[in-house]
Amino acid sequence: MKRGRVTVTIDSQVVKSSQRMKKLKMESPSSKMCKPQMQPCMLDWGNLPHHVVLHIFQYLRLVDRARVSSVCRRWNEVFHIPELWRKFEFELNQPATSYLKSTHPDLIQQIIKKHADHLQYVSFKVDSCTESAEAACDILSQLVNCSIKTLGLISTAKPSFMNVSKSHFVAALTVVFVNSKSLSSIKIDDTPVDDPSLKVLVANNSDTLKLLKMSSCPHVSPAGILCVADQCHGLRELALNYHLLSDELLLALSTEKHVRLEHLRIDVVSENPGQTQFHTIKKQSWDAVIKHSPKVNIVMYFFLYEEEFDAFFREETPVTHLYFGRAVSKAMLGRIGMNCPRLIELVVCANGLQPLDDELIRIADRCKNLTAIGLGECEVSCSAFVEFVKMCGRRLTQLSIMEEVLIPDNKYNLEQIHYEVSKHLGRMWFPDMMPTW
């Protein structure tokens with residue numbers, strides 16, 4: 001019996017000792033180092049579905065997209081999927097004169113060779129060098145199998161396309177006009193486009209053209225733009241210089257077969273004071289436009305000298321947005337208050353040293369749709385300005401007034417005016433220290 005009890009006691013001690021050893025072993029640093037670790041799940045990037053890789057590629061810059069296309073065959077296949085080449089911007093800059101990067105010539109040739117028929121939304125951004133504009137024309141002339149829907153020619157500095165020979169430019173543009181057949185949007189400001197090339201545009205794209213921006217195109221005549229309006233009945237947006245605007249054009253845009261115009265931008269520009277004569281558009285022509293397209297935005301940018309405004313706003317004009325880039329007289333602003341009842345936005349960069357109190361009050365009284373105004377080098381008394389804001393009320397969503405415009409008077413000083421204006425606007429307002437328009 002004793003032996004049995006001893007044996008049991010020994011066995012119990014052995015068990016306890018064994019348990020202590022196991023516990024110490026488990027808690028020892030060496031045991032932790034030997035403990036097997038969980039392996040991370042490895043993702044096979046080469047086997048990602050095409051649509052996932054395509055989605056990633058769409059967020060990459062072209063140069064990065066080209067680099068990652070060399071990772072594997074699958075990614076290279078995605079790189080050439082037509083969907084990736086529907087929208088492309090050619091950047092053409094001369095290294096000697098521009099710090100901007102340029103699309104590599106090898107890539108341009110690859111696009112022309114493999115993806116020309118995939119291009120749909122194309123733009124050319126060129127610097128001030130004639131060589132860059134000529135390179136753009138060379139590329140355009142090779143897009144013979146394209147189906148372009150939108151085309152934009154953009155000069156980042158001075159209008160370099162104007163330095164290209166007219167025949168070279170027109171020949172290149174005609175290639176796109178003839179072969180696309182489905183152009184809906186064209187932006188060709190500051191280019192030597194002419195009437196014959198516009199006729200080619202109309203002959204091949206009259207059913208699809210919706211937007212045409214061609215300000216500062218000196219080789220286009222009123223007859224050329226009238227041809228576009230007569231044939232392109234789906235035209236919704238048009239931008240042109242004032243010398244192309246005519247009563248006939250407005251009436252053509254107002255016929256029953258024409259869709260409702262949504263946006264008409266008119267640039268009124270004079271480079272040599274006193275040497276440009278501006279014609280007057282009849283009130284009946286403006287009325288026809290508004291009757292046909294009652295919601296159209298008519299935007300006018302003026303870069304004239306004070307003595308050149310005589311032809312404008314003598315009668316009621318349905319302009320909605322007005323921007324004056326040079327000095328404008330008190331008399332002109334007075335006519336705006338009397339004859340621009342549809343005015344929504346007004347920006348006056350300069351006026352001189354004559355206070356505009358009466359003119360602003362008249363504008364607030366007659367222009368019931370006015371929601372935005374900006375004043376630069378002008379003068380307005382604080383009392384008149386507060387009255388103007390009070391009359392317009394909270395419909396003024398944008399009020400950008402330089403601090404030096406406001407002249408303190410016996411009723412308000414600059415410290416008091418921000419409180420009064422804020423009260424009528426229903427929000428905190430302060431004068432601007434710098435122009436925001």
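A quick note: this is a predicted structure, and the numbers were derived from the prediction, not measured.
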Tyr305 (side chain) donor-acceptor with Arg326 (main chain) under 3.5 angstrom: no
CG on Asp195 to CG on Leu226, rounded to 0.5 Å: 10.5 Å
Minimum heavy-atom distance between His418 and Trp429, given as atom pair plus value: CB-O, 3.3 Å
Value rounded to 0.5 Å, distance of SG in Cys217 from CG in Leu198: 8.0 Å
Centroid-centroid distance, Phe161 to Phe124, less than 6.0 Å: no
Would you give me the side-chain donor-acceptor pairs under 3.5 Å for residues 365-374, sequence neighbours excluded?
from	atom 1	to	atom 2	distance (Å)
Arg366	NH2	Met338	O	3.1
Lys368	NZ	Asp365	O	3.0

Where Glu89 and Ser123 come nearest, the two heavy atoms and their spacing: CG-OG, 3.2 Å
Neighbour count >12 (heavy atoms, 6.0 Å) for atom NE2, His55: no
Thr317 side chain to Cys340 backbone, donor-acceptor under 3.5 Å: no
From CA spacing to verdict: side-chain contact (heavy atoms from CB on, under 4.5 Å), Phe430, Glu403: CA-CA 9 Å; Phe430 289 94; Glu403 184 175 322; over 6 Å; no
Non-hydrogen atoms of Ala157 and Ser128 that approach each other most closely: CB-CB, 3.8 Å
Nearest-0.5 Å distance, CG of residue Leu244 to OG of residue Ser216: 10.0 Å
Arg395, CZ atom: more than 12 neighbouring heavy atoms under 6.0 Å: yes
Note, Lys199 side chain near Cys227 side chain (heavy atom, < 4.5 Å): yes
Beyond-backbone contact of Val200 with Val178, side-chain heavy atoms, under 4.5 angstrom: yes
Any side-chain heavy-atom pair of Pro431 and Leu406 under 4.5 Å: yes
Aromatic ring pairing Phe388/Phe385, orientation class (parallel under 30°, perpendicular over 60°, tilted between): parallel
Where at least one partner belongs to residues 415-430, residue pairs that pass salt bridge (Lys or Arg N to Asp or Glu O under 4.0 Å), sequence neighbours excluded: Glu420-Lys423
4.5 Å side-chain heavy-atom contact, Asp267 and Phe303: no
Value rounded to 0.5 Å, distance of CD in Glu262 from CG in Leu238: 12.5 Å
N/O donor-acceptor pair under 3.5 Å between Thr156 side chain and Val126 backbone: yes
Aromatic contact, Phe302 with Phe309 (centres under 6.0 Å): yes
Leu153 and Phe169, any side-chain heavy atoms less than 4.5 Å apart: yes
Pairs flagged by salt bridge (Lys or Arg N to Asp or Glu O under 4.0 Å) wherever residues 142-168 is involved - sequence neighbours left out: Lys166-Asp194
Test item: Met214 and Ile225 side chains (from C-beta on) under 4.5 Å apart, heavy atoms: yes
Expected output: side-chain Thr208 to main-chain Leu183 donor-acceptor under 3.5 Å: yes
Lys283 bridged to Asp287 by N-O distance under 4.0 Å: yes
From CA spacing to verdict: side-chain contact (heavy atoms from CB on, under 4.5 Å), Asp357, Val380: CA-CA 6 Å; Asp357 296 6; Val380 180; 3.7 Å; yes
Asp189: side chain to side chain contact (heavy atoms under 4.5 Å, CB included) partners, not counting sequence neighbours: Lys213, Ser215
Over all atoms of both residues, closest heavy-atom pair of Lys187 and Leu211: CG-CD2, 4.1 Å
Short side-chain to backbone donor-acceptor contact, Asn297 and Thr320, under 3.5 Å: no
Phe312 side chain reached by Met332 side chain, heavy atoms, under 4.5 Å: yes
Exceeds 12 heavy-atom contacts within 6.0 angstrom, atom NZ of Lys210: no
CG (Asp409) with more than 12 external heavy atoms under 6.0 Å: yes
Any donor-acceptor N/O pair, His263 side chain to Ala239 backbone, under 3.5 Å: no
Close side-chain approach of Ile290 and Arg342, heavy atoms under 4.5 Å: yes
From CA spacing to verdict: side-chain contact (heavy atoms from CB on, under 4.5 Å), Val122, Val176: CA-CA 11 Å; Val122 181; Val176 177; over 6 Å; no
Shortest non-hydrogen contact from Glu91 toward Ser102: O-OG, 2.9 Å
Residues which pass ring-ring contact (aromatic ring centres under 6.0 Å, His included) with Tyr419, listed by chain and number, not counting sequence neighbours: none
Closest contact, heavy atoms only, Val202 versus Cys232: CG2-SG, 4.0 Å
Asp106 CG to Gln109 CD distance, which is reported to the nearest 0.5 Å: 8.0 Å
Flag, side chain of Asp247 to backbone of Ser285, donor-acceptor distance under 3.5 Å: no
Intermediate values then yes/no, side-chain contact (heavy atoms from CB on, under 4.5 Å), Arg67 and Val71: CA-CA 8 Å; Arg67 286 170 181 164; Val71 170; over 6 Å; no
Backbone N/O of Ala252 and side chain of His258: donor-acceptor pair under 3.5 Å: no
Lys330 side chain vs Pro355 backbone, donor-acceptor pair below 3.5 Å: yes
Residue list, side chain to side chain contact (heavy atoms under 4.5 Å, CB included) with Ser69, at least two apart or on another chain: Asn76, Phe79
Ring centres under 6.0 angstrom apart (His118, Trp85): no
Donor-acceptor pair, side chain of Ser160 and main chain of Asp127, under 3.5 angstrom: yes
Value rounded to 0.5 Å, distance of NZ in Lys257 from CG in Asp230: 6.5 Å
